[in-house]
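Remember, it's 1-based here, ligands and their atoms both numbered in the order they're listed. Remember, predicted model here, so these are calculated numbers, not experimental data.
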Amino acid sequence: MHRSFVITTEEPNWWPIPPAEASCEAGGTEQESSAERANGWDRKPVALVRFADSAGLADWVASLLLRDRLLRPERPLGLATGRTMEPVYAALARQLNGLTPAERQELRMRWCSFNLDAYVGLDRADPRSFAAEMTSRLTTPLGLDPERVHLPDGQATADPHAAAECYAAQLAATGGIGLQLLGLGLNGHVGFNEPPCDADAPCRCVELSPATRHQNAEAFGGDPEDVPQQAITLGLREILAAERLLLVVTGASKAEVLARALQQPPTPELPASWIQLHPRALVVADGAAAALLDGGRNPPTAERAASAVAGPGHAAEPDLGARRDPGLRATSWPTR
Ligand code: GLP
């Protein structure tokens, strides 16, 4: 079976980025093609950390985001919306309270984030818009300056293609994403990169698939017809150019697509599978979402207290209180 991942209980040692590497390995104004990445990079298999419970998972992911903002603020943080991320943002707001006033102030002053996507045709104030979601889940609870929380302009109905180009240029001017948070669509999309999607697809306006409009109908009263037909999304080009990828997957409904994304060779039919080409990709999943990996033969769930996310200069590290799954040992499985 094709495998391009390893299961680990710990943050991989290649995950933190030494300051010296900043801005020279990934991202930047020069965007490498997927082929260049596959051939020229010191590519590690995707690492997967499995959690026994989703509350512990959300805490751990939030701590990674917080640490990224405190230690690697040179590059913007890439953010995602969706139900998977709701507990993550709640945990982030809780953890902010564990910081010292000086750290909170620094975090707010240096915050810069770019969201993956936005529906076309929804006003920012529309509660169904991703902009409104970020305001209520992130900007307001964390006390952030809204100017530092960037999203594509979903109101640009006259020319959403130009709005996408403008968003891409705005991001490129920063040097590109540092840490990119990703959710997973049931059809394998990341952001709104619907299949089929090549690894070089740029930020653009896309037509949403019936499957995605169905998946996201809940926020629109349950009727897929009420879900906007178009969205602006960062492309796989910008996503794969990020320094690090953090894919978060929860729930049994995602088990099959996650297994395919990590165990099948990368393919346009499954946009999330392109993360296998990235040199620093970490997947965080709960037991239900990880259930079909390795043919469902991965070890049974058991819990233990998670160690705090380690690393130099982490005085602000929140006490995670998370519980990770120790049943999964760091396993060096073949990658191809
Ligand atoms: C949505 C969004 C993604 C999101 C993904 C998963 O359609 N475009 O940014 O991460 O699909 O959504 P959910 O977490 O609600 O399952």
[X] heavy atoms, cut-off 4.0 Å: which ligand 1 atoms fall inside?
X	value
His189	1 (C), 5 (C), 7 (O), 11 (O)
Asn216	1 (C), 7 (O)
Gly183	10 (O)
Phe192	7 (O), 8 (N)
Thr81	4 (C), 9 (O), 10 (O)
Thr84	13 (P), 14 (O), 16 (O)

Nearest-neighbour protein heavy atom for [atom], which is reported as residue plus atom name and distance:
atom	value
atom 15 (O) of ligand 1	Arg83 N, 2.9 Å
atom 9 (O) of ligand 1	Asp117 OD2, 3.3 Å
atom 16 (O) of ligand 1	Lys254 NZ, 2.8 Å

Between [Y] and [X], is there a side-chain donor-acceptor contact under 3.5 Å, judged purely by atom types and distance?
X	Y	answer
Tyr119	Asn216	yes
Ser209	Glu194	yes
Ser273	Gln276	no
Arg204	Asn193	yes

Next item on the list: Given salt bridge (charged side-chain N to carboxylate O under 4.0 Å, His left out), test Arg128 with Asp226 step by step and report yes or no.
Entry: CA-CA 11 Å; Arg128 303 167 303 178; Asp226 290 339; 6.0 Å; no
Next item on the list: Say whether Thr212, considering both its backbone and side-chain N or O atoms, lies within less than 3.5 Å of an N or O atom on ligand 1.
Entry: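 Min N/O separation from ligand 1 is not below 3.5 Å for Thr212.
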Check: Do any nitrogen or oxygen atoms of Gly191 come within less than 3.5 Å of a nitrogen or oxygen of ligand 1?
Finding: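 Gly191 vs ligand 1: N/O contact under 3.5 Å present.
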Next item on the list: Please name the residue in the list Thr233, Leu77, Leu234, Leu79 that meets the side chain to side chain contact (heavy atoms under 4.5 Å, CB included) test with Asn115.
Entry: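 With Asn115 as partner, Thr233, Leu77, Leu234, Leu79 yield a single side chain to side chain contact (heavy atoms under 4.5 Å, CB included), made by Leu79.
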Notebook entry, point to check: Quick one: which of Val249, Leu270, Leu262, Asn187 gives a side chain to side chain contact (heavy atoms under 4.5 Å, CB included) with Val257?
Noted result: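 Only match with Val257 under side chain to side chain contact (heavy atoms under 4.5 Å, CB included): Leu270.
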Item checked: Members besides Val120 in its Ile/Leu/Val/Met/Phe/Trp/Tyr cluster (side-chain heavy atoms under 4.5 Å) ->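 Answer for Val120: Ile232.
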Notebook entry, point to check: Is it true that Glu106 and Arg108 have a side-chain N and a carboxylate O under 4.0 angstrom from each other?
Noted result: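 So Glu106 does not pair with Arg108 through a salt bridge.
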Checklist line | Gln215 touching ligand 1 at heavy-atom level, < 4.0 angstrom | finding: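 Checking ligand 1 against Gln215, which is what was asked, there is a heavy-atom contact under 4.0 Å.
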Check: Counting heavy atoms only, which of Leu116, Thr250, Leu184, Val227 is nearest atom 6 (C) of ligand 1?
Finding: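 Answer by nearest heavy atom: Leu184.
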